[in-house]
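Notes to accompany the following structure.
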Amino acid sequence: MIGRTNSKCAGSGGGNSIHYAKLLTETCIWTVPVTGIYEIHIVGKGGNGGKGGKGNKTGSSTSPDGWSYRFGAGGGGGGSGSYTSGQYLLEEGVDIPVTIGGDIGTVFGTSVDDYYMVAGNGSVGQNGGDFRSHVGGSGGAGGTVTVAGNLRSLPGNVGSVGRASEVSDWDSYYPDGGTGGGPVYKGLGRGGRGGSGCVDEEDSSRRGWLGENGGAYIHLIKTANDLLG
């Protein structure tokens, strides 16, 4: 599913300024405010970070060696969303669906004939291994551009691997999760950080962070009057 909505984008339609620029971060229907050439930039959603691995606690507070903590490894960071852009002549009053954070990525338009561009989402990071494997989760792949615009396109950045785990004699050691892939345009679509490796299965820091949403940036380059002049 793409996840479209019939709601209008806030602030779309009814404009006449050469300075029109709009950043969309939620799915909506964008109405072209004035006839002219628009530059469109879209970014896919970042992938979620993987969970940290589960650990194990052995020994006791009364034993000579005390407690021994066998931590799980950190989860991998999610990949960031991909980016593409294009310039199009658009007519005032035309409604264009813009899908942000859908299953296939960020989508501008409904078909190739209707200014169709698709920037794919980043992949999720892999979960960290438990105390028996010690292996950090792999980072998620960056998103890819499915349908490119007529300007520039960039893949998303990969998330980093989670930190491997080891045996520890203190309970404050938590193998870090991998960092999410960095955004490629305007800070949009950053990948989520991976969760820390833990001892307690229910530890909240074991959960990975959510990837940040992508978006669409729409900028009016020339109005119809500029084109005629």
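By convention here, the first residue in the shown sequence is residue 1. What you are looking at is a predicted structure, and each value in this text was computed from that prediction instead of being measured.
A donor-acceptor pair is defined here as one N or O able to donate and one able to accept, closer than 3.5 Å; no such pair exists between the side chain of R190 and the backbone of P183. Panel note: side chain S82, backbone T144; a donor-acceptor pair is recorded below 3.5 Å. Of the possible polar contacts, one joining the R193 side chain to the G177 backbone as a donor-acceptor pair under 3.5 Å is found. Judged by distance alone, the side chain of N48 and the main-chain N or O of G211 form a donor-acceptor pair under 3.5 Å. The main-chain N or O of I40 is never found under 3.5 Å from a side-chain atom of S85 such that the two would form a donor-acceptor pair.
A search for ring-ring contact (aromatic ring centres under 6.0 Å, His included) contacts involving F108 returns nothing, not counting sequence neighbours. Every residue meeting the salt bridge (charged side-chain N to carboxylate O under 4.0 Å, His left out) condition with D130, not counting sequence neighbours, appears here in chain and number order: R132. Residues forming a side-chain contact (heavy atoms from CB on, under 4.5 Å) with N127 (at least two apart in sequence, or on another chain): K51. When the side chain to side chain donor-acceptor pair (under 3.5 Å) test is applied to S138, no partner is found at least two apart in sequence or on another chain. Residues passing the side chain to side chain donor-acceptor pair (under 3.5 Å) test with S160, sequence neighbours excluded: T179. With sequence neighbours excluded, no residue satisfies side chain to side chain donor-acceptor pair (under 3.5 Å) with N56. Residues satisfying the side-chain contact (heavy atoms from CB on, under 4.5 Å) test with L23, not counting sequence neighbours, are T25, L188, Y217.
A chain of hydrophobic side-chain contacts below 4.5 Å, direct or via other Ile, Leu, Val, Met, Phe, Trp or Tyr residues, connects V34 to V98. Side-chain heavy atoms closer than 4.5 Å link hydrophobic residues (I, L, V, M, F, W, Y) into clusters, and following such links, even through other members, never connects L24 to Y185. Under the 4.5 Å side-chain heavy-atom criterion for grouping Ile, Leu, Val, Met, Phe, Trp and Tyr, L220 is connected to M117 within one hydrophobic cluster. Note on V43: it does not cluster hydrophobically with V118, by side-chain heavy-atom contacts below 4.5 Å among ILVMFWY residues.
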* **Residue pair E92, T35: steps toward the side-chain contact (heavy atoms from CB on, under 4.5 Å) verdict** => CA-CA 5 Å; E92 181 177 347; T35 299; 3.6 Å; yes
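The OG1 atom of T27 lies 6.0 Å from the CD1 atom of I100; values are rounded to the nearest 0.5 Å. One distance of note links OG of S80 with CG of N121; it measures 11.0 Å at 0.5 Å rounding. Remark: Y20 OH to I221 CD1 distance equals 13.0 Å, nearest 0.5 Å. Considering NZ of K45 and CD of E212, their distance stands at 9.5 Å, rounded to 0.5 Å. Here CD1 of I42 is found 10.0 Å from CD1 of I218. Values are rounded to the nearest 0.5 Å. Here the CG-CH2 distance, from L90 to W30, works out to 5.5 Å after rounding to the nearest 0.5 Å.
F71 has its side chain within reach of V199: a pair of non-hydrogen atoms, C-beta onward, lies under 4.5 Å apart.
Counting only residues at least two apart or on different chains, no ring-ring contact (aromatic ring centres under 6.0 Å, His included) pair has a member in residues 117-160.
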Give the table of side-chain donor-acceptor pairs shorter than 3.5 Å for residues 145-157, with sequence neighbours excluded, one pair per line with atom names and distance.
from : atom 1 : to   : atom 2 : distance (Å)
N150 : OD1    : Q87  : N      : 2.8
N150 : ND2    : Q87  : O      : 3.0
S153 : OG     : T84  : OG1    : 2.7
N157 : ND2    : G182 : O      : 2.8

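Within a 6.0 Å sphere centred on CD of E39, heavy atoms belonging to other residues, nucleotides or ligands number more than 12.
Taking Ile, Leu, Val, Met, Phe, Trp and Tyr as members and joining any whose side-chain heavy atoms lie under 4.5 Å apart, directly or through other members, V161 forms no hydrophobic cluster with any other residue.
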